[in-house]
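Proteins come first, then strands; the chains are lettered A, B, ... in the order of their sequence lines, and each starts at number 1.
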Amino acid sequence: MLKRTHHCAELRSADVGQDVVLAGWVNNYRDHGGVIFIDLRDRDGITQLVFHPESAEAHEAADRLRHEDVAVARGKVVSREEGMANPKLPTGEIEIDCTDVELLNKAETPPFVPDEAHKVGEEQRLRYRYIDLRRPRMMDILRTRHRVAKIMRDYFDEQGFYEIETPFLCRSTPEGARDFLVPARLQSGNFYALPQSPQLFKQILMVSGMDKYVQIVRCFRDEDPRADRQAEFTQLDLEMSFVEADDVMDTCEELMRRIWNQVLDVEVPAVRRMPYAEAMDRFGSDRPDLRFEMELVDVSDIAGQTEFKVFTSALAEGGIVKAIRVPGGAKMSRKETDGLAEWVKQFGAGGLPITKIEGGKVSTGIAKFIEPVSDAIVERMCAEDGDLICFGVDAKSTVVHRVLGELRVKIAQQLDMIDEGQWEWLWVVDFPMVEWDEGDRRWKSLHHPFTAPVDADLDKLESDTGAVNSKAYDLVLNGSELGGGSIRIHRPDVQQRVFRLLGIDEQEARMKFGFLLDALRYGAPPHGGIAFGLDRIVMHLCGTDNIRDVMAFPKTQNGADLMTEAPSPVDERQLQDLSLRLIGPVTES
RNA sequence: GGGGCGGUAGAUCAAUUGGUUAGAGCACCGGACUGUCGAUCCGGAGGUUGCGGGUUCGAUUCCCGUCCGCCUCGCCA
């Protein structure tokens, strides 16, 4: 086999005259009867090969090349004549005048041609992932992903972090997402759980005195996937000793600065901070997208002066009325606003009262009900002619926030109000430690049960649980949560109190987290950390909203790998080894 | 578990209120062509309309069930 000398994105005018050998896949072929052109593609790019009839043997071989054949060719780098350069290719100034070509592997006709010109459905892409990954776009994404991981490792190495691996076969813990279980053959009837995150291990590492830990690690959560969520995903996980929240945030901010600078040549300014309560109040979200306005404005007092039943009955039940002003939104049609009204129902809204502003007054929609307070509304909302006002009304403020929070994003997208080149970073801080779960009738951690309450709130832990804030922080970029973390509890007594108020009694805490409570008793340094979704970071850098695009081998919404056809039934023998018997129907595939 | 959209040639899509032999550009095969680069021109082959059932003289089209993919609610400490 000819030994390759260069890759397919390497050669330029300066290399003219060199004898070279290139190897790769046939991206395209153009047979002109006499001269034949082959676009040879490898991981890095494309170079045009030329075959002239004078090199009879090579010409004849080239004549048989088709899409995705694997070949290696020898030739001389020649300059393309005036007007024949291809400005679309970095290598477009030159071509290889080939004297030899060797077909290394004939390809069957591929199910699809891996270039951007041919559209392919995602199902086919996943089934033939090896071909899909050949597309320059996918190569670029995986290259970016590699670079991000490299920048992370270099950065944390400089900062004195150790990369330490933690187990995949773990103890199942209560709280949190559903665990993926792995039957333990050596202890029949018992199970390991795949880690939802290495949370406990990294805290243990701090107790061990490792000081600073980092890991790029796979995590598993057995919940239904979404466009930006997979059951199996990757975190940048880190933990630091003897630090406070600011230290962790500063460390991570600098990392993001470096990544955005090196990958996109974008400067990340000092990241502002916003308390959770303010984020919810102004944006109806704990991860507000600050690229556009449309803030939530409380109009409960004005709404209370109307006779509009929707408003008054919600207020009578202790609810609130908030509104957002959509600049220029009056141009939306009845059909469009009706569509939004239908859309918000999924978030618990009864409907979506709206009105438009015309001649300085409310007009259309619910105008006839709120006519008497028109001036107050216009003033409070700073509304102008041509605006649309959308109201969020409910007996529960959480519903109002959710509805308007989702709505402002939806409208911003629909009305094209988002500048795609803009990056709005934000630390959300001062989270409540817990929130009340009405369904389960108990307190649940907003973050996780190891998050430290702020010192000033320690006394309120039992007496005013809902008012306790935690030392937690989330990094938000353009309305998406990149990661979150906290300062941890490092005192066993505090940890025990938190477990207790989460409804994890002494015995259960002992059983499930005994090792952590023990570890905290044997000299635990104050510590804290954070975890980022690596996949989400790469999604932002590559400009995709599909997490499957940034994973080499993702799974479908059904949890299937269409290429390997996992999951699959297993032999009866395997089940026997594990002391398992199936009691449910087996899914056919 | 719920809601929505989709499944037709290798791939991407089309097919009138149910009506003749299910079409198109791309890919594939054959031919022509010595400067293309999404080459061009001529010709050809290629279909269990996801699967099962039903209504009908007749179903890609209507109904029921089921499988698969996507979006989403629930879920995601």
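- Judged by a 6.0 Å distance limit and a 45° cone about the ring axis, A:R66 is positioned over the six-membered ring of A:Y29.
- The nucleotide B:A11 finds no pairing partner, because no Watson-Crick or G-U wobble arrangement with both distances shorter than 3.5 Å includes it.
- For A:H32, the ring pair (Phe, Tyr, Trp, His ring centres under 6.0 Å) test picks out A:F37, with sequence neighbours left out.
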With B for base contact, S for sugar-phosphate-only contact and - for none (protein heavy atoms under 4.0 Å), nucleotides 71-77 of chain B reads BBBBBBB
Atom pairs, N/O to N/O, protein against nucleotides 4-10 of chain B, distance under 3.5 Å?
unit_1	atom_1	unit_2	atom_2	d
B:G10	O2'	A:P111	O	3.2

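- Applying the 4.0 Å criterion to OP1 and OP2 of B:G69, one finds that A:N558 has a side-chain N or O inside that range.
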Distance-only donor-acceptor pairs under 3.5 Å for side chains of residues 106-113 of chain A, two or more places apart:
unit_1	atom_1	unit_2	atom_2	d
A:K106	NZ	A:R64	O	3.1
A:K106	NZ	A:D69	OD2	2.9

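- Evaluation of the salt bridge (Lys or Arg N to Asp or Glu O under 4.0 Å) test over residues 484-493 of chain A, restricted to residues two or more places apart or in two chains, returns A:E239-A:R488, A:R491-A:D493.
- Taking atom P in both B:G2 and B:C64, the straight-line distance is 16 Å, to the nearest Å.
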Check: residues 477-485 of chain A side-chain donor-acceptor pairs under 3.5 Å, at least two apart:
unit_1	atom_1	unit_2	atom_2	d
A:N478	OD1	A:E424	N	2.7
A:N478	ND2	A:Q422	O	3.1

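- Considering only side-chain N and O atoms, A:T556 lies under 4.0 angstrom from the phosphate OP1 or OP2 of B:G69.
- When the side-chain nitrogen and oxygen atoms of A:Y29 are compared with OP1 and OP2 of B:C28, one or more of them lie within a distance under 4.0 Å.
- Comparing B:A27, B:C70, B:G38 by their nearest atom to the side chain of A:V113 picks out B:A27.
- Under the Watson-Crick or G-U wobble criterion, with both distances below 3.5 Å, B:U16 is left unpaired in every strand shown.
- No more than 12 heavy atoms of other residues, nucleotides or ligands sit less than 6.0 Å from atom CD of A:Q507.
- B:C5 is paired with B:G69 under the Watson-Crick or G-U wobble criterion, all donor-acceptor distances under 3.5 Å.
- For the P atom pair drawn from B:G19 and B:G46, the interatomic distance equals 26 Å after rounding to whole Å.
- Across all strands shown, nothing is found opposite B:A77 as a Watson-Crick or G-U wobble partner with both distances under 3.5 Å.
- For A:R66 and B:C29, the shortest distance from a side-chain N or O to OP1 or OP2 is below 4.0 Å.
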